[in-house]
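What follows is one structure encoded as structure tokens, with my remarks underneath.
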Amino acid sequence: MTPEASRPPTRGEASSAVAAVRLEGLVKRFGDAGTGAGAGTGAGDTSGSASADTVLAVAGIDLDIADGEFFSMLGPSGSGKTTTLRMIAGFELPTAGRILLHGEDVTDRPPFERDVNTVFQDYALFPHMSVADNVAYGLVVRKVPGPERQARVADALRMVRLEGYDRRRPGQLSGGQRQRVALARALVNRPRVLLLDEPLGALDLKLREEMQIELKAIQQAVGITFVYVTHDQQEALTMSDRLAVFNRGRIEQVGTPADVYERPATRFVAGFVGTSNLLSGETARAIVGGSGTFTVRPEKIRLAEPDSQPAPDEASAMGTIREVVYLGPDTRYIVALDAGGELVVTQQNIATSSMEALSAKGRTVRLTWKRQHNLPVGEE
Amino acid sequence: MSTPTDARAGPGTRPGIARRLAIWLHPRQGLQLRLLLAGPLGWLAIAYLGALAILLLNAFWEKDAFTGRVEPFAWTLNAFRDLFGHEVYRTVAVRTLIMAVLVTLTDALLAFPIAYYMARIATPRVRAMLVIAVLMPLWAAYLVKVYAWRTILQGNGFMEWALSPFGVESPGLDEIANSWLVLSYLWLPYMILPIYAGLERIPNSLLEASADLGAKAGATFRRVILPLVFPAFVAGSIFTFSLTLGDYITPDLVSDAKFIGNVIYDNSSLGNLPLAAAYSLLPIGIMTVYLLIARRLGAFDSL
Amino acid sequence: MGKRSRLAALAAVAIIAAACQSGATPKPTPDLPKEIGAGEGALNLVIWAGYAERGEVYPEFDWVTGFEKDTGCKVATTNMTDSNNGVSLIQSGAYDGISASGDATTRLIAGGYAAPVNTALFKNYANVFAGMKDLKHNTVDGVNYGVPHGRGPNLLAYNSDVITTPPTSWDSVWEDGSMYQGKISIYDSSIYIADAALHLMTKQPDLKITNPYQLNQAQFDAAIALLEKQKANGANYWGSYSDQVSQYASGDVVTGTTWQFQVNLLQAEGAPIAAVLPDEGSTGWSDTWMIAKDAKNPNCMYMWMDHMMSAEANGQATVFFGEAPTSQQACDYAETISPGHCALTNATNEAYYDKIWYWSTPQADCADADAATTCKDQDAWVAAWTALRGG
């Protein structure tokens, strides 16, 4: 039931080539007693035969990631995105299914036999080694000769803008600097696929935004396939060429950021990517005039005077402002609809002061939006 | 209006003496600390350092050969002359030192796989059971364990029964190897626990990162695990080394070869306290050097 | 750790003891007590194992319980492993008295650790054999420093299952030691060097050893060389009687030097162990109950010394340990529990005891008046023994 899991990548150039990463029917169940025994149970039954102490972390995933793509795996914690990444890296063995890297089956291979490298959430820098030794580690264990090794380490440190830090220990670096070392340590091996497990999760907001831009720039410079795990939808939308939305061990939708944001395939995607402004049942019939479930993005809705008339191409609903949240550049209004349900509305504070915005609480308003922004949402 | 029984003494009443003292002490935190530590530090100074000082002094006091009377403050180097004059004291010191090193190495080799299994492989339940199993022998009295080994090693003991089918004779209670065996057994928990703690502190992601970067198990062990757990080895070795260096009961009970501790004990119980005191300065000196080296190696961060 | 603090404690005790006893040299006219006062309620003794039984090994051997009941003196005991250890314990100042052998008595007297006793206060003293009174190891210038407890030789024990003909010489632990490789049981004390010297008196007369406790350098070296050979034959050294009993019982040893006491215990357990006094004689001991100079319970100690000369107590104790009683009355009592005991232990046979060299202290002046001779002193013996055992 995974919709369009193997939809061809949007970047046309990769469509004919072999996928950088291909996942086929990937299943991971934790707490399984023996290996191989009964591993073939269908990916479908999450609740069925599984005994109390086994957890179905990944419940059947099919996915193609194209060469050179910046691909994000987005989802809440426990949705299976990290487990999927760890199976690609080789830290976990799948209960069922196959993993192919550039057409090669690596399902049972140990991590050191896979042409991928990982940037860990906690960076996993070796505390007893200098920055240079950390970065050189992969080259040392693969017996790259000394002069070449030194040149590549210097290149990698230059790329992450850490020249002159090679003698330091990880403990003497800031969070952002450690993050860069981790990146350099992975990239220096020139893997064909780089796996990143929430690499910016531990950084503060400002640094995170800077690193997002930098990461994207590095990815474009080296042309390596990035598989990026995050729970931050904004991060996934800004950086990715394509992304997959994970929920309860499955992929709900795969697509470009615009696809996923503007045409959410499921109710979950609509809610997780952006704010869940869902209209369904009676409310939907009354306001949209059709059956089914619809979503309207908060920034598409306009607040108007109750007695104003909507344009012919606009949908409209009456309601009362229940809560006002002042966000600086924007203000978020939570409006209780007369027809039932709630809608969240965000308005840019172009000419509004915080006093004005906050005093709006309790007022009766008319909400209007273009009918084309009524997005139908697939049922689960 | 506050009454005299008001616990929170108001401005009108004079607070009790304890309370006034507490108020007076509050801004004087250095004094608080000194008062708090006065007891234990005083005890340490008198009972431990004081005893050590007397021991040191004893080494330089005269002893009458016939009556055994020690003359305090009758200064002499006789004890040291005896110590350097007889080869046996050198032999015993070297033997003890070699044994301490041997027991330490043995325990390190034995402890690592056990600690590794406990810290990184075992399920939480198995781990808890193993921790108990490692700690359990520490709850048993030292002597009970050594005597248990005596019954194993002596004639008609378990060892003889187990070895006789192979035509090997019982080791009896003479072999110096017995001391090595029993001391290694006795101090093993002291090596396992620091290594276990050291291994447990290594985040899993470091090992994954190593594998991810292309290192096989052997290289990961050599380049990541061993360097990170080395201070824990040194910490454990402080126990195994110093306990072996100071032990005299086990060597006495299971073998015939004397250790430094036996010579000290013999001489003190036979009345030659100056000689015992002079000799005991040797292990104190060795341990001081050892601890200084251990500190340089970062062992105290692992305790 | 434990050892260090223990040592330190010993050191502290030794200093205090030394400080308390400064100026303690025997006086020519000792100030002796005129009467035995009321008991103090307690008595702390340093003893040879088996010298103060309260029926714990065999119910019928109990000469402490009755004493405690009669005198109100509660008896506490500490076993010494050898005479050196006994001297060291008394020096600590924590004890009222000791059952000292001859090599300890002389040192305790010379060091001022033992007090002279007024034998007139003992009602049992008159019965003591004349040959056991005023012995030179416990009497100085006619002043008695204690009362006798009993005497006996160090014996040669053997496992009669292994050694079927009773041996008549010490050769089995010396020259023939290799026959019992690793199964020879030897007393772990520097005083055992005298046993080697005694053997050399017979085997190497050219060494001219006249007293196995006073050895010049050459004699001493020969004795040590003999002991080294014995060690090479895998000698087992016993420090406490219980060690030796368990070694014989387990079969780890089959022959060696022993006291009658261990033989009694082993025979009672049914072990095939017997003991003989070899033809060349033996070392031995004549034990004296001494009172410590600064005994906290002198009256109880006086009562104890008197008690230990009584027929019942001395009879029981000497039978239990396997040594010769000190009086005819004790002998008679001993016969009632162990017929033939007095004949077996040669209680009245002074000729027998002429063959016995009682333990005594090695002295630098050879314990004689000849200023030309020098001998290895006590410290040299202990150091040599440590070297032998530890090397």
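We name chains A, B, ... by the order of the sequence lines, and we start the count at 1 in each one. All values reported here derive from a predicted model rather than from experimental measurement.
- Closest approach of A:Val141 and B:Ala219 over heavy atoms only: CG1-CB, 4.4 Å.
- Under a cut-off of 6.0 angstrom, the local environment of CZ in B:Arg34 is sparse, with at most 12 non-hydrogen atoms contributed by other residues, nucleotides or ligands.
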At a cut-off of 3.5 Å, what donor and acceptor atoms pair up between chain B and chain A?
unit_1   : atom_1 : unit_2   : atom_2 : d
B:Ser205 : OG     : A:Asp122 : OD1    : 3.3
B:Ser205 : OG     : A:Asp122 : OD2    : 2.9
B:Glu208 : OE1    : A:Arg86  : NH1    : 2.8
B:Glu208 : OE2    : A:Arg86  : NH1    : 3.2
B:Glu208 : OE2    : A:Arg86  : NH2    : 2.5
B:Ser210 : OG     : A:Tyr137 : OH     : 2.6
B:Ala211 : O      : A:Phe112 : N      : 3.4
B:Asp212 : O      : A:Asn117 : ND2    : 2.9
B:Asp212 : OD1    : A:Thr118 : OG1    : 2.8
B:Asp212 : OD2    : A:Asn117 : ND2    : 3.3
B:Asp212 : OD2    : A:Thr118 : N      : 2.6
B:Leu213 : O      : A:Arg142 : NH1    : 3.4
B:Arg223 : O      : A:His128 : NE2    : 2.8

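- Taking B:Leu49 as the reference, nothing meets the side-chain contact (heavy atoms from CB on, under 4.5 Å) condition, with sequence neighbours excluded.
- Contacts of A:Leu125 with chain B are made by backbone atoms alone, with heavy-atom separations under 4.5 Å and no side-chain atom involved.
- Taking the side-chain contact (heavy atoms from CB on, under 4.5 Å) definition, one finds that A:Met159 meets it with A:Leu187, A:Ile218, A:Val222, sequence neighbours left out.
- Both the backbone and the side chain of A:Phe126 come within contact range of chain B, with heavy atoms under 4.5 Å apart.
- With sequence neighbours excluded, no residue satisfies side chain to side chain donor-acceptor pair (under 3.5 Å) with B:Tyr185.
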